Protein chains: 2
Amino acid sequence: MPRRRKGRKRVDIVKMENESNLQVTFSKRRAGLFKKASELCTLCGAEIAIVVFSPGKANKVYSFGHPSVELLVDRFLGRDLPPPNNESRHNHLLMNHQNAVLRELNKEVMNMEEILQMEKACGESILEVRRRANGGWWEAPINALNL
Amino acid sequence: MPRRRKGRKRVDIVKMENESNLQVTFSKRRAGLFKKASELCTLCGAEIAIVVFSPGKANKVYSFGHPSVELLVDRFLGRDLPPPNNESRHNHLLMNHQNAVLRELNKEVMNMEEILQMEKACGESILEVRRRANGGWWEAPINALNL
DNA sequence: ACCGCTATCGTTAGCAC
DNA sequence: TGTGCTAACGATAGCGG
């Protein structure tokens, strides 16, 4: 074995040319991005929606959303429909509680996703889960979105 | 003063209580998130849209989009957005939407739990082997699964 | 191709100004 | 409240299996 030659090297932020390295980097950094977003949601109570289209012909779409991509995007495009000051305080508290629950569930789903990846060694049934996936955040092939 | 540089400490990913620290962290991490997104765009040629709503009453909106938030979101939704609503109606729809998201996430969690049971019944798994000494990983709190 | 490892790089919490 | 610094922490490029 060659002597230890490990560890990352600095990488310029320019388009990667090697296709397979690009795919690996895309997967790793996409996961990192979603994790950062999740942490920002939890730490600061921010609401975040992310949509990512993969490069190349695959052109798959991945998304992260708390509370949901659709809800936040509607608000973004509508430009002035924040939740506050209407209906009753009861509703508002209810919403806060639901948001907390959502964050917990999102974290739980993320944990389970990680566990499931480890479980892959056991079988292929995970694919079934992915096929049915939808909700607050998830990944899906683009063609599955145009139902 | 004895130059005892303390540096950062580890921080739990839970809601920050100190309001001013929260604001600083929100700004820093939001900038970091957008930078990560930018790098992912450049390195891999991905297309990314991000919408962030700040916490608290300010509730300002920040966005990142390459090529643009609107374009990517339209492609993601694959549909026209609903017309503007009056506020109470909007709140009501909002609640309904959140309930829907909650149900989806709950279904997803249950789905994964079911899959995990099947995986477990199917045979050995990496995680199971690793955790066997502790009496079985599936009985442990999710947070105990330090990956 | 995928997964784990780990040295190394990049991000950021806590301070000082 | 914002800017800059630095050490510690966390993300990840490159590699081996």
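What you see is a predicted model; the values in this text were computed from it and never measured. Letters A, B, ... are given to chains in the order of the sequence lines, protein chains preceding strands, and every chain is numbered from 1.
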Checklist entry - Using a cut-off of less than 4.0 Å, is there contact between a side-chain N or O of B:Lys9 and OP1 or OP2 of D:dC9? => result no
Next on the checklist: Check the phosphate of D:dA11 against A:Lys35, side-chain N and O only, distance under 4.0 Å to OP1 or OP2. Yes or no?
Outcome noted: yes
Is [Y] close to [X] at the side-chain level, that is, under 4.5 Å between some pair of heavy atoms?
| X | Y | answer |
| --- | --- | --- |
| B:Ile48 | A:Ile50 | yes |
| A:Phe64 | A:Cys41 | yes |
| B:Thr25 | A:Cys44 | yes |

Whole-Å distance separating the [atom1] atom of [X] from the [atom2] atom of [N]:
| X | N | atom1 | atom2 | result |
| --- | --- | --- | --- | --- |
| B:Arg30 | C:dT12 | CZ | C1' | 15 Å |
| A:Asp12 | D:dG14 | CG | P | 11 Å |
| B:Leu40 | D:dT12 | CG | P | 9 Å |
| A:Leu43 | D:dG10 | CG | C1' | 13 Å |
| A:Ile13 | D:dT12 | CD1 | C1' | 12 Å |

Checklist entry - NZ/B:Lys36 to CG/B:Leu40 distance, rounded to the nearest 0.5 angstrom? => result 10.0 Å
Checklist entry - For the residue pair B:Ala37 and A:Leu33, what are the closest heavy atoms and their distance? => result N-CD1, 3.7 Å
Next on the checklist: Taking the minimum atom-to-atom distance to the side chain of A:Arg10, which one of D:dA11, C:dA13, C:dC9 wins?
Outcome noted: C:dC9
Checklist entry - Which comes earlier along DNA chain C counting from the 5' end, the contact point of B:Met16 or that of A:Val11, where each point is its nearest nucleotide? => result A:Val11
Next on the checklist: For DNA chain D, which residues of residues 19-29 of chain A approach it to below 4.0 angstrom with any heavy atom?
Outcome noted: A:Thr25, A:Lys28, A:Arg29
Checklist entry - Under the 3.5 angstrom rule, does the side chain of B:Asp12 hit a backbone N or O of B:Val14 as a donor-acceptor pair? => result no
Next on the checklist: Both B:Lys36 and B:Arg8 contact DNA chain D. Taking the nearest nucleotide for each, which residue is further toward the 5' end?
Outcome noted: B:Arg8
